[in-house]
Structure formats: structure tokens, C-alpha cells
Q: 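Before anything else, here's the structure in question.
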2 protein chains.
Amino acid sequence: MQESGEVGRAARGARRGRKNPAAQKSGARLPAAQTPSAARSAATPRRWRRRKEARPTEILEAALAVFAERGFAAARLDDVAARARISKGTLYLYFDSKEALFKAVVRAAIVPNIAQAEAAASDFPGPTADLLAVVLRRLGQVIGETPIGAIPKLMLAEAGNFPDLARFYLKEVIGRGFKLFSGILARGIARGEFRPVEVKDTVRLIIAPMLFIGLWRHAFERHSGERLDAPRFVAQHIDMLRRSLAPAPSAEPRP
Amino acid sequence: MQESGEVGRAARGARRGRKNPAAQKSGARLPAAQTPSAARSAATPRRWRRRKEARPTEILEAALAVFAERGFAAARLDDVAARARISKGTLYLYFDSKEALFKAVVRAAIVPNIAQAEAAASDFPGPTADLLAVVLRRLGQVIGETPIGAIPKLMLAEAGNFPDLARFYLKEVIGRGFKLFSGILARGIARGEFRPVEVKDTVRLIIAPMLFIGLWRHAFERHSGERLDAPRFVAQHIDMLRRSLAPAPSAEPRP
DNA sequence: CATTAATAACTGACTGGTCAGTTATTAGAA
DNA sequence: TTCTAATAACTGACCAGTCAGTTATTAATG
């Protein structure tokens, strides 16, 4: 094995004394267009445009799609570039390395959603079971209907190869998500709306099926006739949770 | 040619004179001792042994470990070989390709367990909730305490790259597992021990947390202080299921 | 029992292809 | 014209897979 460090090497290396770029294929006929610039006047097929602002998000979208399908290691940057309608070199104008691109994809996809969910949860007036339902339905939409649902699969697969990304994800996504649901559970228990369950495992039991949606969709669904109807699945999950979190009905009168 | 041998190069000697011996300055370990045959009399550290029968399972174990840590694409066969205490060439005496090795790993790890679970479930006398608990506890052990728990992560990650393996896994593992739990659910509903839930989604809700155990353990646990106590987690899952599958308590007296 | 011959298991240097990352050059924009 | 986004050809590293050669083991022979 080798390395393990982050990032690649220093950026600008002035190494490499080229040979003689022109000499190589001496007699080779020059490709196609002989006239340097004059001949392309009529039908102006522009080869490219400057789009400095639009590129980064386009690249991130393309990269998410390719990573989602192939996984990090098997994804080719040529494919990402092609999908983003640019050349591979252009990728490197915006991202330092494949790894940096991967991290950016994860961050860009996840962070806004987490923050939004936290905000939505913090000032919910009604019953806690309804709050839980709202949050889960929203999460189900994001995972089930956007490419973001592929991120968990990616992270799972690559956690072993990118320890620092794994830690980032643990802290910024899993940790915060965990806190979000822990807070909801605690609220319900404090209000007497939920029975006093063990919080940590219960949160995991709440999250696991949500994870399942993304995993199924992005790993197996295309190979299997079985469709997963995310809203219905989430509804069933919510229903089961309502029942299993309900305080003991007959035996325990409220104090 | 080949003048280096000072001792008797008689027959056994280090022939090894490849074409350009000096070209690669890399870590070419020098051929160690001088007398090839004489020196190995006292403390005979045989360089290797023939172990035709033991190899395949050893290779499979090593491969599972390496694949589990790195994923298929990032795993190096040199690492697998090193872990199995053999050379890379030997791998190819037993498996045709990296892909064939991967498939063999999955098959070897999964198939026996599925069959065993089916057998155990088919003739269970007691209440269906107990049957469900037994099966889940057993599954929790396998996933939580053996390297087999890494397989789901692997399959998830590589389903996109190995369509035929994905289909194999869908059919032989997911399909059969699904049937197993569907049968249990149906049994409970038919006996009036469970309320009449929608089966398909409910089975997914039962399986998802079990999957979660393996995913957590093999992707994140080492990066996070958070231990997952599988038996406790499974117990909590079972408890929640008992509650959420119970028939309506007040309204429905048994006939 | 000691040699020798035959066979099969095993090794590791090597090859060939792939792909991340680099750079000289081109062409759009100002 | 100058500046720079973008390109496309290029390079080097890495690694799956191969194969000529080595070594353990077994069988045959003296």
C-alpha cells in the first residue's frame, strides 16, 4: 500500500521537460480544418463558451450522477466531464482532484438539507407524532425523488477509503440528523405523547428505513421489477411508529 | 550471462535472470541466502506448502476482508493474496478473475445462511411473534458478529457495476429473505396474532434495521465512538414490532 | 532406504491497458 | 491586443492478469 494522505501533491509542478511536441508525427497530415480561423464563418458551430458561474453546479450534478452509478473508485472523470459537457481539463479548473470533487458533491448535496430540516423542526407547534411525520415525509421526498438519495450509498461504500470524509459525514450529517430525531423523541416523551423508549436505538430504528429507500432505489431497483413507492412506504413507517411509540394504552393512567 | 552465483549454482540455483535485472531499482529483494539447498536443514522454514484443500476458503476469507474494507474496485488482489499468505499467481489457480472471486465470496457467505434460516422457520410451533424474534435475533448475530455482515454493503456499492451479480443477489438473497419474512407475517395475520398490515412494505420495515447493523458496523463504526450493541438494538426492534403488529387491543376480542 | 523422475502447487517479475492528473495550445471575451 | 476559459494530447502510476521458472510432494526405481 502507499500513501494515505489527503489531497494529492502540490499543484503546479513545473517538472517534466517535454520532448518536442511538434516533431513527433512529422509527416502526419494536419487534421481536417486547414485554415486556422477564416473558414468557420458561415454556420458558426461555437466550440465552447465561457460559463464560469454555471460550471461548478453543473459539474457537481454530473459528478453525483456518475458517482451514484459507479461508486467513487470506478467512476471516470472523463465520464463526469462528458456528462457536464466539458473536457476533463476543465474539471481541474474548478476542483483540485477527484477526491476534492467527491467531497464537494457530498457537501453540496447534504448540508443545505440538514439545515433546512433543523429549522423546520425547531418551531413546530402541534403533536410530536405529527412533527415526526412531517420530517419523515420530507426526508422521504428528498431521498426518494432527488439524486441526493444516492449519497448515503456512496458514503457507505467509500467510508473505508476516505476516513476524513467519513468523519465529516458522521459529524455533519449523521450527528446532526441523530440530534434532530433525538430531540423530537425527547419532546414526545417529555410531553407524555410517547412512551419512554431508549432513545439512541430508537432513533436508529427510525432512520434505517429512510436509508433503505435510497439504497433500494440506487442499488437494486433497476435490476428488479420491484418498485418502491416511497410515500406509501414512509406512510407505513409512520403508522408503525405511531403505534410502537404510543404510551401504554390500558395499563398506565396519566399521572 | 548470470555470473553472480558464487556457490554452486548447480541445479537449484537462482536462475531468475530475467531480461533486464537492473532496470527496476524498486524493492527487489535480493535472493536472500546463499546456499539454496544446504542451508535449509536446521530450522526448516519452508517457503510454502501445498495446501490445495485449504486454499479456497482461506482466499475467500481474505477476499471478504479486503473487499469489505475497500470495496470491489479499490481492492487490490495483491492485498488479498498477502492476507491469504500466498502469491497473486496462486489466486488465479483457484479463481478465474477478480470478478469471479467477488461472486464466489458473496455466494459462499450468503447461501448457507439463507437456507438455514428457511429451515429453522419452517417448523416453528409457538406464537408467530416469537418466531419473528428468533429469526431476527439469529440474523442479528450473523450480521453483527461475523464478517458476513459486510456483504450487504458490498452488494449495495457494486450492484451498479455487476448487473448479473446484482440479479443473483436479488434472487437468492433478497428474494428468499423477503419470502421468509412474508411467510412469517402471513402466518401471524392468518392466526390473528398480527393485525392485517400491508405485507410488502412491512417486510421492508422489518429488514431495514437489520441491514443497518451491517452498514453501521462496516462503514462507520470505526470512525465514530458510537458502538452499536447489536443484540440490544435487535431487542428494541423486536419490541417495537410486537407493539406495532399487535391487533387493535381494545376493539377486537378473540372469537 | 536412498535416488531419481514426474507432477502439481506455487511464485513473482513482467506486460498491457486504464485513468487521474498535467500542460502546451487554441479560441472566446474584453 | 491581452487575458483567460477551455481544450486535447500527453504522461506516469497503478494494477489485473500472465507465464516462465521454482519448489514441495509423490511415485517409481535401484
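First the proteins, then the strands, lettered A, B, ... as listed; each starts at 1. The basis for the numbers below is simple: all heavy atoms, side chains too, and nothing from hydrogens, waters or symmetry mates.
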Q: Counting just side-chain N and O atoms, does Arg55(B) come under 4.0 Å of either OP1 or OP2 of dC10(C)?
A: yes
Q: Considering residues, nucleotides and ligands other than Asp164(B), do more than 12 of their heavy atoms fall under 6.0 Å from its CG?
A: yes
Q: Are any of Thr90(B)'s side-chain N or O atoms less than 4.0 Å away from OP1 or OP2 of dT11(C)?
A: yes
Q: Just the rounded figure in Å: distance from P of dT11(C) to CZ of Arg85(B).
A: 12 Å
Q: For Ile86(A), report the nucleic acid contact type (base, sugar-phosphate, nothing); a contact means any heavy atom under 4.0 Å.
A: sugar-phosphate
Q: If the plane angle is over 60° it's perpendicular, under 30° parallel, otherwise tilted; pick one for Trp216(B) and Phe212(B).
A: parallel
Q: From the list dA20(C), dT11(C), dG17(D), which nucleotide is the closest neighbour of the side chain of Lys88(B)?
A: dG17(D)
Q: If you look only at distance, which donor and acceptor atoms sit under 3.5 Å apart when one is on a side chain in residues 137-151 of chain A and the other is two or more places apart or in another chain?
A:
from	atom 1	to	atom 2	distance (Å)
Arg138(A)	NE	Gln116(A)	OE1	3.4
Thr146(A)	OG1	Val142(A)	O	2.6
Thr146(A)	OG1	Ile148(A)	N	3.2

Q: Strictly below 4.0 Å, N to O, side chains only: are Arg204(A) and Glu226(B) in salt-bridge contact?
A: yes
Q: Let me spell it out: for each of Arg76(A) and Gly89(A), pick the nucleotide of DNA chain C with the closest heavy atom. Which residue's pick is nearer the 5' end?
A: Arg76(A)
Q: Round to a whole Å and report the spacing from CG of Leu77(B) to P of dA16(D).
A: 4 Å
Q: By the 4.0 Å heavy-atom rule, please label Ala75(B) as base, sugar-phosphate, or nothing.
A: sugar-phosphate
Q: For the pair made of CG in Leu91(B) and C1' in dT11(C), what is the distance, rounded to whole Å?
A: 12 Å
Q: Any cation-pi pair here, Lys98(B) with Phe72(B), using under 6.0 Å and within 45°?
A: yes
Q: Within a 6.0 Å radius of atom NZ on Lys200(B), are there more than 12 heavy atoms belonging to other residues, nucleotides or ligands?
A: no
Q: In whole angstroms, how far is the C1' atom of dT18(C) from the CZ atom of Arg70(A)?
A: 13 Å
Q: Using whole Å, what does the distance between atom P of nucleotide dA20(C) and atom CG of Asp78(A) come to?
A: 7 Å
Q: Let me know the distance between CD1 of Ile59(A) and C1' of dA6(D), rounded to the nearest Å.
A: 11 Å
Q: Would you indicate whether the side-chain heavy atoms of Glu69(B) and Arg222(B) approach each other to under 4.5 Å?
A: yes
Q: Going by heavy atoms closer than 4.0 Å, what residues in residues 92-109 of chain B are next to DNA chain C?
A: Leu93(B), Tyr94(B)
